[in-house]
2 protein chains.
Amino acid sequence: MIRNTRQRTAVNAVFEELEGFHSAQEVHARMRAAGDSIGLSTVYRAVQALVDDGELDSIRTDAGEAIYRRCSTRHHHHLVCRACGRTEEVEGPAVERWADRVAGEHGFVDVTHTLEIFGTCAACHRAGATTETP
Amino acid sequence: MIRNTRQRTAVNAVFEELEGFHSAQEVHARMRAAGDSIGLSTVYRAVQALVDDGELDSIRTDAGEAIYRRCSTRHHHHLVCRACGRTEEVEGPAVERWADRVAGEHGFVDVTHTLEIFGTCAACHRAGATTETP
DNA sequence: CCCGCAGTCGACAACAGTTCTCACATGCTC
DNA sequence: GAGCATGTGAGAACTGTTGTCGACTGCGGG
């Protein structure tokens with residue numbers, strides 16, 4: 001049975017009032033700073049439960065940290081600036097169809113996919129920022 | 001000054017004879033297995049030097065492991081069976097163009113992307129295997 | 001309203017991948 | 001060759017994440 005606990009609700013609430021991607025550790029620190037007593041393990045568990053429920057999206061940063069974000073249930077992909085980390089949601093029905101078709105051609109069923117696009121956003125490019133730090 | 005050492009040459013050679021993505025640990029294990037004495041730290045250093053030189057591409061797996069491939073490798077994506085782990089390489093020029101175009105529309109430059117397709121392959125589907133273990 | 005207990009919590013240990021440290025070895029320049 | 005900056009490698013340290021286990025607590029039943 002899945003229980004409705006104070007902690008789980010609290011983690012959920014954090015993502016409701018935050019925008020963009022945030023790491024589990026950041027959420028934990030933020031909650032502790034706000035006077036909310038919660039364990040790090042619990043944050044990880046809650047976050048993973050939310051991912052399982054499809055309420056959060058997770059991706060990995062270049063540094064190997066997992067970051068999470070509440071996103072619309074509609075299927076979409078992410079366009080991430082590798083300099084400032086800004087993220088935009090993009091949709092591509094053509095890609096969905098392509099992935100399904102290619103998988104089907106290889107005899108695969110029950111198909112899902114992950115797609116992330118990385119680049120340098122206009123602002124960072126103007127600022128001369130690239131992958132490397134000045 | 002950058003020195004030409006046996007170890008650095010050896011790491012470079014490994015990626016020349018391998019295709020696709022491989023982790024630093026895997027490269028290290030492979031070299032040790034081949035009788036090549038080299039330290040793990042050295043593999044990491046060599047790999048990062050190669051990334052800095054633009055000779056290797058690096059991405060992160062979902063498990064948080066960094067994997068590398070030689071840039072000259074033809075760009076392709078993976079179709080992975082979630083039951084048996086079998087992997088097939090697929091290409092989709094349309095997807096490449098789509099990703100570049102979408103990123104461009106958002107003002108992003110220097111664009112790369114990662115795409116993995118997951119499904120159940122024909123054999124596993126016939127065998128009744130699904131995501132969950134029996 | 002209270003009980004029982006399965007699901008949950010949280011401090012901490014364990015773990016994996018990666019990076020750092022430092023004494024020692026080794027290319028490169030002269 | 002000799003000198004010396006640079007690279008090496010074994011292991012420790014560090015980081016993010018997951019597992020452990022005794023204590024705790026929603027929640028349904030009595």
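These numbers were taken from a predicted model, which means no experiment stands behind them. Throughout, protein chains are lettered first and strands after them, A, B, ... in sequence-line order, and every chain is numbered starting at 1.
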Calculate the interatomic distance between [X] atom [atom1] and [N] atom [atom2]; express it in whole Å.
X	N	atom1	atom2	answer
B:R45	C:dT18	CZ	C1'	12 Å
A:D52	C:dG7	CG	C1'	16 Å
A:H28	C:dC9	NE2	P	13 Å
B:Y68	C:dG17	OH	P	12 Å

Of residues 32-44 of chain A, the positions that come close to DNA chain D - non-hydrogen atoms, cut-off under 4.0 Å: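 Listed by number, they are A:L40, A:S41, A:Y44.
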
Same apolar cluster (I L V M F W Y, side chains within < 4.5 Å links), [X]/[Y]:
X	Y	answer
A:V51	A:V43	yes
B:I59	A:F118	no
B:I67	B:L56	no
A:Y68	A:M31	yes

B:H77 and A:W98 aromatic ring geometry - parallel, tilted or perpendicular at 30°/60° bounds: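 Ring orientation, 0 to 90° scale: perpendicular.
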
Side-chain donor/acceptor of B:T61 to backbone N/O of B:E65, under 3.5 Å: yes

Sidechain-backbone polar pair: B:H28 side chain, B:I38 backbone, donor-acceptor under 3.5 Å: yes

Identify whether any heavy atom of [X] sits under 4.0 Å from a base atom; if not, whether one sits that close to sugar-phosphate; answer base, sugar-phosphate or nothing.
X	answer
B:A66	sugar-phosphate
A:R8	sugar-phosphate
A:E26	nothing

DNA chain D: 5'-most and 3'-most nucleotides touching chain B, 4.0 angstrom heavy-atom criterion: D:dA5 to D:dG11

List, with names and distances, any nitrogen or oxygen atoms from the protein found under 3.5 Å away from nitrogen or oxygen atoms belonging to nucleotides 27-30 of chain C.
residue : atom : partner : partner atom : Å
C:dC28  : OP1  : B:N4    : N            : 3.4

Hydrophobic cluster of A:Y44, others only, ordered by chain and residue number, side-chain cut-off 4.5 Å: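 Its cluster partners, ordered by chain and number, are A:L40.
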
Axis deviation across the helix from C:dC1-D:dG30 to C:dC30-D:dG1, five-pair ends, to the nearest 10°: 30°

Sequence-distant partners of B:E16, salt bridge (charged side-chain N to carboxylate O under 4.0 Å, His left out), two or more places apart: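 For B:E16 there are no salt bridge (charged side-chain N to carboxylate O under 4.0 Å, His left out) partners, ignoring immediate neighbours.
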
Face-on cation placement of A:R69 at A:F21 ring, 6.0 Å and 45° thresholds: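 Yes, A:R69 sits over the ring of A:F21.
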
B:D36 and B:R6 ion-paired at < 4.0 Å: yes

Carboxylate-amine/guanidinium contact B:E55 B:R70, below 4.0 Å: no

Nearest atoms (heavy-atom pairs only) where B:V27 meets B:V14: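 That closest heavy-atom pairing would be CG1-CG1, 4.0 Å.
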
